[in-house]
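Just the heavy atoms: all of them, side chains too, but no hydrogens, waters or symmetry mates, feed the values below. In this text, all values refer to a predicted model and were calculated from it rather than measured experimentally. Every number for a ligand or one of its atoms is a count from 1 in the order of the listing.
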Amino acid sequence: MYTPSRAHAESVATLHGTPAFVTDASTLRAQVRKMRAAFGAETKLFYAVKANYNPHIVGVLKEAGIDGIDAVSPHEIRLALELGFTPDQVLYTPSNPSDDELRYAGTKGVLQNLGSLSEIRRFCRLFPNDRVSVRICPEVGAGEFEQVTTGNVESKFGIALSDVDEAKRICDAAGVAIVGIHCHIGSGFYEASALSQAMVAVAGIAERFEDALFIDLGGGFGVPYRLEQSEIDIEALAASARGTLADFTARTGRALTLYLEPGKYLVSASTVLLSRITTIKEKGGRTFVGLDTGFNHLVRPAMYGAYHHVVNLSKPEGEAVPVVVAGNLCETGDVMNRDIELASPEEGDLVALLVAGGYGSSMSSTYNMRGTAVEVLIDGDDLRLTKRRQTYEDLTGLFEPK
Ligand code: LLP
């Protein structure tokens, strides 16, 4: 997990202020390389851009060799196309899309992963004789938290296994070819077993669908958030995937391409949220370290109880003190880490919240009228501002004049 040097942190704070998302380009490249090395050139990596849509970051991933983008909204599709991905390098995997959204993706020539019979019916009416991919619910879920576990029966996602044949009948009647079978079991799993099980379910469906060219297992590859956590064994996952694909070919005489949609795995470890300690106070026997950021910039701790490690970059050699790290929003739940030791924290110190590249900036809000954080990309000695801070005018400018 990337931690900026004290010198880099001070440069960012001096040049652009805090809070700031600071991203290391070499970590982004390393993550693409690791995934590519495990799964090989034959697997197509569609970056789930919802994790972080900073165009500079997507640009680094593109140069590092990702095959495309998994988009979930028309604007994400548009961004992918404007960044130079061709329509066949973009997948659209929406949740409860409107007809207008289906129409937008279809007219852009983007293949859609659709997860309900309603969407399939509406797509077939809009685009007869076209191609589609079907998102199924594999009845296996795994993820860091209940809120991000997706492939289980209770979740809102995917077509029930009992409805899959109906999806095929609807497509057959409209001359629509089902070219892909998709599933996404959840975000942040650390074991191979659930994904392997889901893959068997998906391959079994592909066997009955004669037009299927690929299976898409979505994303969800977990990343370490705690220092003592180990990396997910993606080599083992890749080996298991190769086995399932080989079995499929042995049984059917057909070959399937494997698609993946990693988000967190590619971007999370590359970025920290750099912040300054504004206030320290003792209360109820605890030391509260108050920052100039909060859940408006990194909502994962407040929303899921997620752990983000915090380090004091200004005092690398300081004495460890148990503290509660709190944000600057007017909410009791605005706590970034309840149980951590910080090295000799003092007001004015620069701290970093680690592993903040995935679902940090992209889930930011402007609560309390605090603008979103600046973003900086560090590439070797090059330190570049990629997103400026929101101003009062940015925040108020969308309202009609009173
Ligand atoms: N594909 C599909 C269809 C998805 O729904 C998602 C994530 C991904 C790929 C990428 O998953 P990843 O590799 O990033 O785990 N805000 C939550 C995560 C929500 C994930 C939503 N779907 C968090 O901060 O943990």
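Applying the side chain to side chain donor-acceptor pair (under 3.5 Å) rule to D379 yields the partners R29; only residues at least two apart in sequence or on another chain are considered. Looking at residues two or more places apart in sequence or on another chain, you find a side-chain contact (heavy atoms from CB on, under 4.5 Å) between E119 and N96, P97, L114, S116, R122.
The closest donor-acceptor contact from the side chain of H309 to the backbone of L354 lies at 3.5 Å or more, if one exists at all.
Y225 has its ring centre less than 6.0 Å from the ring centre of H308.
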Tabulate distances under 3.5 Å between N/O atoms of ligand 1 and N/O atoms of the protein, writing both atom names on each line.
| unit_1 | atom_1 | unit_2 | atom_2 | d |
| --- | --- | --- | --- | --- |
| ligand 1 | 1 (N) | E261 | OE1 | 2.6 |
| ligand 1 | 13 (O) | G220 | N | 2.8 |
| ligand 1 | 13 (O) | G263 | N | 2.8 |
| ligand 1 | 14 (O) | K264 | N | 2.8 |
| ligand 1 | 14 (O) | Y359 | OH | 2.6 |
| ligand 1 | 15 (O) | S187 | OG | 2.5 |
| ligand 1 | 15 (O) | G220 | N | 3.3 |
| ligand 1 | 16 (N) | Y304 | OH | 2.8 |
| ligand 1 | 24 (O) | R300 | NE | 2.6 |
| ligand 1 | 25 (O) | K264 | NZ | 2.7 |
| ligand 1 | 25 (O) | R300 | NE | 3.4 |
| ligand 1 | 25 (O) | R300 | NH2 | 2.9 |

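Screening residues 67-126 for ring-ring contact (aromatic ring centres under 6.0 Å, His included) gives F123-F127 as the qualifying pairs, with residues at least two apart or on separate chains.
The residues R251 and E207 are annotated as salt-bridged, a charged nitrogen and a carboxylate oxygen being separated by less than 4.0 angstrom.
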